[in-house]
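Naming convention: chains lettered A, B, ... in sequence-line order (proteins, then strands); numbering from 1 in each chain. Worth knowing before you read on, the calculation uses all heavy atoms, side chains too, and leaves out hydrogens, waters and symmetry mates.
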Amino acid sequence: MKSKHDDEIKALLMYKQIPPVDEEEKRELVHKLKAYMPVSQAAPSKIMQQLIQKAFTSIYRDHKIELFVLLTFLLLAYSFMPASDVWIVIMSTSPIPIFLAGWHLLNGQSNDMVELELTYKYTFHQVLFSKIIAIVAWNLGIYSVALLYLLGIKNMDISLYFFHIVILGLTPIITFSLALLLLSIKYRRETSWTVVILTWIFFVLLSLQTPLGTFLIEVNVLFYVLLNGSLVLFLLHRLQHLWRTERLSDGIL
Amino acid sequence: MGFYKLLFVEGKKLIFQRDIYIALFICTVLFWLAINSNPEPSSPFQFWKSLASVMPWIGYWFVSVLIVVGVARCLPFEREQGMEELIHTYKKGRLHLLVVKQVTLLIYCALVVFYFYLLAIAAYAMQYDTGGLFAQVRMAESPYVSVNPSWTFAQLLLYEYGYLVLAAYIFALSILFLSFIIKRSVFIIMIAGGSFAAGEIFYFFLLRYIGTMEISKYPYFINRYGFNGMLGFNYLDSLTADYISAIQVYGLFAVIIVLLFLLNLAAKRWMRHVALGD
C-alpha cells in the first residue's frame, strides 16, 4: 500500500542536489582520523637490535681511546702480577669498563638532557636499555680478551681454580651492571656513581689488607654461580621492565 | 631564622642526601664482612681490645668515605639546586650560614663515628665476652694505639671516640675549604676521596717497593701526619707517643680545627669581595 509520502520521498531522492564533496575537507578528515589509528611500528626485537647496535658502535666511537688504554692497562697488570694475586687483580679490575662507561652515562643524564631525549624517535627507556646492554657487552668483551691473554701468558690450565676466579670476576660485572641500571632509573646523579667507585676502591684495599679477600676466595664456587645466576635473572627482569616502562618514576614522561 | 632552627634545616639538608645512604649501605656491608672474616681466638678482654683496634685498623676508611660523601655537597648544594640567588637575600648574611654549616658538620662527624663504633660493638659482642669495661688497658694492649697503660678500656674508648671525631672534623673542614675552589660536588668527591685512597695505596703497597729509596721519605711523612695518618691514629702510635702525649694531641687538633674554621670563614668573606669586585 502506497503511503501519501512515498511520492514526496521519491521526488526528493530523485531531484535533491547532493552537495559536492570537498576534497580538501575529505583529506583533513582522513588525516584527523589517522591520528587515532594505531601506528604501525617495526617489531620490538628489530628496534632492540638496531638500538643496541647503535649504542655499541657509539661507545666505540666516543671512547675508543679510553677502551684501548684500559685494555693495555689490564694486559700489563695481568703480565706483571704475581701468580698468587691473580684472583684479586681479576676481581678488582673486571668492572673498570662499567665504571668508565657508567660515569659517562650518568654524567650526561641531567634532567634537561633526559627531557631532550624524551623527544627522540625512540623512547628514553629504550635508549637507556640499549646503552646498558652495550656497556655490559663491552665489559664482557674486554674481560674475555684479558682472560684469554692471561691463559696464554701465564700458561694456566683451565682448571676448577681458573673457573672459580672467572666466576668471581663476573660477580662485580653483573652487580655493577645492575647498580648502574637502578641508579640510572632512580637517581641519575653522577655523584652516586662516584660514591660506588670510591667504595669499590676501599673494598679492594680491604680484600688485600684484611682476611676478607681470603674469605671471599674460599667461599664455594657454587655460591658465586648461584649469586651470579640470581643477579642475572634480576637484571634481565629489570631490563624487561625498563623496556616496557613508559614513564620514569619521578614523573618525567 | 634562629641559630638552632637553621642548624636543624642544614642538618635536614645533609641527611636527605641520597648518596650518603648509598655509601652507608655499602660501607656497613663491607665493615661487617671485614670484622666477621677475621675472628681471632677468644681471650680475656678480647672484645675491648678488638674494639680499640678496629678503627685504627680499617674503621677509619669507612668514616672517611662517609665524610667525603657528606661534606662534598654541603656548599655546592644551593648552587646545584639553583637556589644560590635566594641565599644572597638571607638576612643574617652568608657567613652566619657558613658557621651553621660547619657546626652541622661536627654533629655529622660525631654521628658517623658513633655509628661505626655501634656496628663494631654489635659485631664483636656476637663473637666475644663483653666483660671488663673497667679493666686496665695493660691487660690486653691494642697494637695500634699507645696510651697510658693504667687507663681503663672505658677511658680508652671514650678517648678514641673523641680523637676520631676531631680528626674526621678536621678532614671535613678541609674538604669544605676545597669546595670553595671546586664548584661541582662530584669533583670534590673524586679529588678528596681519590687522594685519601691514593694515600692508603701508597702506604700499604707502594711503600713496599720504594720504601728504601731516599725520595720515599717525603710522601711517607705526608702520609703519616696528613689526613690518612691522622684518621688512622698515627698520632697515637708508639713512634709519636715519645714526642706528644695523648692529651696534647687533643690540644693540637683543637688548634687545627679553630684555624680551619676561621680559614673557611675568611675564604667565604674573601670570595664575597671578589664577587662584588671591591
*asked:* Which atoms of Ile26(B) are under 4.5 Å from chain A, going by heavy atoms: the side chain, the backbone, both sets, or neither?
replied: side chain
*Distance from Phe202(A) atom CZ to Ser64(B) atom OG, nearest 0.5 Å?*
4.5 Å
*Please check if atom CZ in Phe73(A) has more than 12 non-hydrogen atoms from other residues, nucleotides or ligands closer than 6.0 Å.*
no
*Does a side-chain heavy-atom distance below 4.5 Å link Ile22(B) with Leu183(A)?*
yes
*Kindly indicate whether the side chain of Thr210(A), heavy atoms from C-beta on, has any atom under 4.5 Å from the side chain of Trp57(B).*
yes
*Has Phe204(B) got more than 12 heavy atoms of other residues, nucleotides or ligands less than 6.0 Å from its CZ?*
yes
_Region of Ile58(B) that comes under 4.5 Å of a non-hydrogen atom in chain A_ = side chain
*Measure distances from Leu198(A) to the heavy atoms of chain B and classify the residue's part below 4.5 Å as side chain, backbone, both or neither.*
side chain
*Let me see the working for Leu206(A) and Phe62(B) under side-chain contact (heavy atoms from CB on, under 4.5 Å), right down to the final yes or no.*
CA-CA 11 Å; Leu206(A) 210 60; Phe62(B) 303 108; 3.6 Å; yes
*Considering residues, nucleotides and ligands other than Phe116(B), do more than 12 of their heavy atoms fall under 6.0 Å from its CZ?*
yes
*Does any non-hydrogen side-chain atom of Arg184(B) lie less than 4.5 Å from one of Glu190(A)?*
yes
*asked:* I need the Trp61(B) CH2 to Thr199(A) OG1 distance, nearest 0.5 Å.
replied: 13.5 Å
_Rounded to the nearest 0.5 Å, what separates atom CG in Leu30(B) from atom CG in Leu205(A)?_
11.0 Å
*Around atom NZ of Lys54(A), are there more than 12 heavy atoms of other residues, nucleotides or ligands at under 6.0 Å?*
no
*List the atom of Pro211(A), the atom of Ser37(B), and the distance in Å for their closest heavy-atom pair.*
CB-O, 3.5 Å
*If you count the non-hydrogen atoms of other residues, nucleotides and ligands that lie under 6.0 Å from CD1 in Ile65(A), is the total more than 12?*
no
*Considering only heavy atoms from C-beta outward, does the side chain of Met190(B) approach that of Trp103(A) to under 4.5 Å?*
yes
*Heavy-atom contact with chain B under 4.5 Å, split by part of Ile201(A)*: side chain
_Straight-line distance of Ser192(A) OG to Ile189(B) CD1, nearest 0.5 Å_ = 8.5 Å
*Do other residues, nucleotides or ligands put more than 12 heavy atoms under 6.0 Å from Tyr60(A) OH?*
no
*Do Phe215(A) and Leu33(B) have side chains that get closer than 4.5 Å, going by heavy atoms?*
yes
*Kindly indicate whether the side chain of Ser185(B), heavy atoms from C-beta on, has any atom under 4.5 Å from the side chain of Arg189(A).*
yes
